[in-house]
There are 2 protein chains.
Amino acid sequence: MPGKTDLSELNCSLARTLAIVGDWWTLLIVRDACIGVRRFGDFQDSLGIAKNILATRLQQLCAAGIMARSGPERRPLYQLTEKGRALLPAMVALMQWGDRFASANKPPVIVTDTSGRPIAPVTLRNNRGDVASEDVRFAAGPGANARTRAFLDALRTAEMKRDV
Amino acid sequence: MPGKTDLSELNCSLARTLAIVGDWWTLLIVRDACIGVRRFGDFQDSLGIAKNILATRLQQLCAAGIMARSGPERRPLYQLTEKGRALLPAMVALMQWGDRFASANKPPVIVTDTSGRPIAPVTLRNNRGDVASEDVRFAAGPGANARTRAFLDALRTAEMKRDV
DNA sequence: CTGTATCCTTAAAGATACTG
DNA sequence: CAGTATCTTTAAGGATACAG
């Protein structure tokens, strides 16, 4: 992105994730890989992406350890690593949001287990069960720096002051 | 993004979601909103984003129904709508991935319920319990067009032919 | 404080041609 | 088929100044 800020500096795991997979094509490539695409040309056909862009993205994904290249040098296979497959819950959650709000509840693609049983809507849970989105809170974690701590403190204080 | 493809055309809910919230700043703004940020200036301070960019994003988010503007015209509040809060599972899943792979398991921010109980790692489940990422499959859904169907069929056939 | 209006820079995206 | 090498376009991001 033009003249941009380095999101990975932001002391925020979401920002760091987006700095790695947050651009327009990367998650779609990962999605295709999940579905079973492995060849350069198949990614290209599936996405309608320019070859140079695709080549760059695949290199980045391999460098990031999200995908791995194997097979013949002339006609390699690109496959997800464990780290790449770990993106699945996030990807499916994004898909489900799109199913609901951007595809009018008519999913172009449905997600199932090996027996065809549908994957349930992704929810947030604690050790007792689902947690509603209104009940979710954020707090400083072990990786928080002073700025992040101050920021969260300030917010908490502001809420105390009855901001509504 | 420069000279770009319209992802929303892709007959894919993930692409459509990314077309709405898939740029570098939008999800971070949503995250801040989740945490409790509501003021223009607070978003700006938190993210270090330029004012014009922030203004554009907030407009887009409001237009998309993800955030809503309220309060005095001179000093409005920006808050998530139901549609916006529905992004939480996806956001948390992305954060968790970053916690693990981009923050060395030292989360800058932790997510809890109202009692401080931690939110568990987001997983994929069917009606019986967790589904491992290797056991996830994709199939054409009610919103699939001919191209998507053909694509998924072709992949399935290719796998039959013993690709791996 | 919350924007809007300009201007500028830059690099991402795409098209095309070429190579092994 | 799987790239690499260029070239061009273009619009996103950012800085600044200004306004209500």
Side-chain angles (χ1 to χ4, degrees), chain A residues 1-10 15 18-29 32-33 37-63 67-79 154-155 158 161 163, chain B residues 1-10 15 18-29 32-33 37-63 67-79 154-155 158 161 163:
Chain A
M1 321 59 242
K4 54 168 293 295
T5 304
D6 184 358
L7 294 186
S8 61
E9 299 296 325
L10 275 187
L18 294 176
I20 299 171
V21 299
D23 85 285
W24 296 77
W25 289 118
T26 303
L27 271 185
L28 293 175
I29 294 171
D32 268 16
V37 177
R38 296 196 188 86
R39 303 287 191 193
F40 188 93
D42 292 334
F43 285 109
Q44 210 192 331
D45 292 344
S46 166
L47 297 173
I49 184 178
K51 293 163 81 167
N52 46 359
I53 312 287
L54 175 59
T56 306
R57 288 296 180 286
L58 288 172
Q59 281 170 15
Q60 290 169 341
L61 284 166
C62 289
M67 297 189 73
R69 179 184 167 135
S70 63
E73 194 61 33
R74 312 296 310 282
R75 198 152 175 277
L77 296 170
Y78 293 94
Q79 288 172 267
L155 273 175
K161 282 195 305 186
D163 194 358
Chain B
M1 318 60 242
K4 54 169 295 291
T5 304
D6 184 359
L7 295 185
S8 61
E9 299 297 324
L10 276 185
L18 294 176
I20 300 171
V21 298
D23 85 284
W24 296 79
W25 289 118
T26 302
L27 271 185
L28 294 176
I29 293 171
D32 268 16
V37 177
R38 297 196 188 87
R39 302 288 191 193
F40 189 92
D42 291 335
F43 286 108
Q44 210 191 335
D45 292 345
S46 166
L47 298 172
I49 185 177
K51 293 161 83 165
N52 47 357
I53 312 288
L54 176 59
T56 306
R57 288 296 181 284
L58 288 173
Q59 281 170 13
Q60 291 169 342
L61 284 166
C62 289
M67 297 189 74
R69 177 184 169 136
S70 63
E73 194 61 32
R74 313 296 309 282
R75 198 153 175 276
L77 295 170
Y78 293 95
Q79 288 172 267
L155 272 175
K161 284 195 306 188
D163 197 351

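Side-chain atoms are counted along with the backbone in the values below, which use heavy atoms only and exclude waters and symmetry mates. Order of the sequence lines sets the chain letters (A, B, ...), proteins ahead of strands, with each chain counted from 1. Remember, predicted model here, so these are calculated numbers, not experimental data.
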For this session: State, to the nearest 10°, the angle formed by the axis through the first five base pairs of the helix from dC1(C)-dG20(D) to dG20(C)-dC1(D) and the axis through its last five.
Result: 50°
Whole angstroms only, please: what is the [atom1]-[atom2] distance between [X] and [N]?
{"X": "Phe40(A)", "N": "dT19(C)", "atom1": "CZ", "atom2": "P", "result": "18 Å"}
{"X": "Leu7(A)", "N": "dG14(D)", "atom1": "CG", "atom2": "P", "result": "9 Å"}
{"X": "Leu54(B)", "N": "dT2(C)", "atom1": "CG", "atom2": "P", "result": "10 Å"}
{"X": "Ile53(B)", "N": "dG3(C)", "atom1": "CD1", "atom2": "P", "result": "15 Å"}
{"X": "Arg39(B)", "N": "dT2(C)", "atom1": "CZ", "atom2": "C1'", "result": "11 Å"}
{"X": "Met67(A)", "N": "dA2(D)", "atom1": "CE", "atom2": "P", "result": "13 Å"}
{"X": "Ile29(A)", "N": "dA13(C)", "atom1": "CD1", "atom2": "C1'", "result": "13 Å"}
{"X": "Glu73(B)", "N": "dG20(D)", "atom1": "CD", "atom2": "C1'", "result": "11 Å"}

Kindly say if [X] contacts the phosphate of [N], meaning a side-chain N or O under 4.0 Å from OP1 or OP2.
{"X": "Trp24(B)", "N": "dG14(D)", "value": "no"}
{"X": "Arg69(A)", "N": "dG3(D)", "value": "yes"}
{"X": "Thr5(B)", "N": "dG14(C)", "value": "yes"}
{"X": "Arg57(A)", "N": "dA13(C)", "value": "yes"}
{"X": "Gln59(B)", "N": "dT4(C)", "value": "yes"}

For this session: With heavy atoms under 4.0 Å as the rule, sort Arg75(B) into base, sugar-phosphate or nothing.
Result: sugar-phosphate
Exercise. Contact class for Tyr78(B) vs. all strands (heavy atom < 4.0 Å): base, sugar-phosphate, or nothing?
Worked result: sugar-phosphate
Exercise. If you check every side-chain atom of Pro76(A), which of dA2(D), dA13(C), dT2(C) has the closest atom?
Worked result: dA2(D)
Exercise. Asp23(B) side chain: which of dG13(D), dG3(D), dG3(C) is closest?
Worked result: dG13(D)
Seminar exercise, completed: One should read off an interatomic distance between Arg69(A) CZ and Leu77(A) CG, to the nearest 0.5 angstrom, of 10.0 Å
Problem set entry | Counterpart residues, salt bridge (Lys or Arg N to Asp or Glu O under 4.0 Å), relative to Arg75(A) (two or more places apart) | none
For this session: Mind running side-chain contact (heavy atoms from CB on, under 4.5 Å) on Trp24(A) and Leu7(B) for me, showing each step along the way?
Result: CA-CA 8 Å; Trp24(A) 296 77; Leu7(B) 295 185; 3.0 Å; yes
For this session: Heavy atoms only: give me the nearest Leu58(A)-Phe40(A) pair and the separation to one decimal.
Result: CD1-CD1, 3.8 Å
Exercise. Do you know which two heavy atoms are closest between Arg57(A) and Trp25(A), and how far apart they sit?
Worked result: NE-CB, 4.2 Å
For this session: For Asp32(A), enumerate each residue passing the side-chain hydrogen bond (donor to acceptor under 3.5 Å, both in side chains) test, keeping only those at least two apart in sequence or located in another chain.
Result: Ser46(A)
Problem set entry | Any residue meeting side-chain hydrogen bond (donor to acceptor under 3.5 Å, both in side chains) with Ser8(B), in chain and number order, not counting sequence neighbours | Asp6(B)
For this session: Find out whether Asp23(A) and Leu18(A) are in side-chain contact, i.e. whether some heavy atom of one side chain is under 4.5 Å from a heavy atom of the other.
Result: no
Exercise. Considering only heavy atoms from C-beta outward, does the side chain of Leu10(B) approach that of Leu28(A) to under 4.5 Å?
Worked result: yes
Exercise. Any donor-acceptor pair under 3.5 Å between the side chain of Arg74(B) and the base of dG20(D)?
Worked result: yes
All N/O pairs under 3.5 Å across the protein-nucleotides 15-18 of chain D interface:
residue: dA15(D); atom: N6; partner: Asn52(B); partner atom: ND2; Å: 2.2

Problem set entry | Partner residues of Ala50(B) under the side-chain contact (heavy atoms from CB on, under 4.5 Å) criterion, sequence neighbours left out | Asn52(B), Ile53(B)
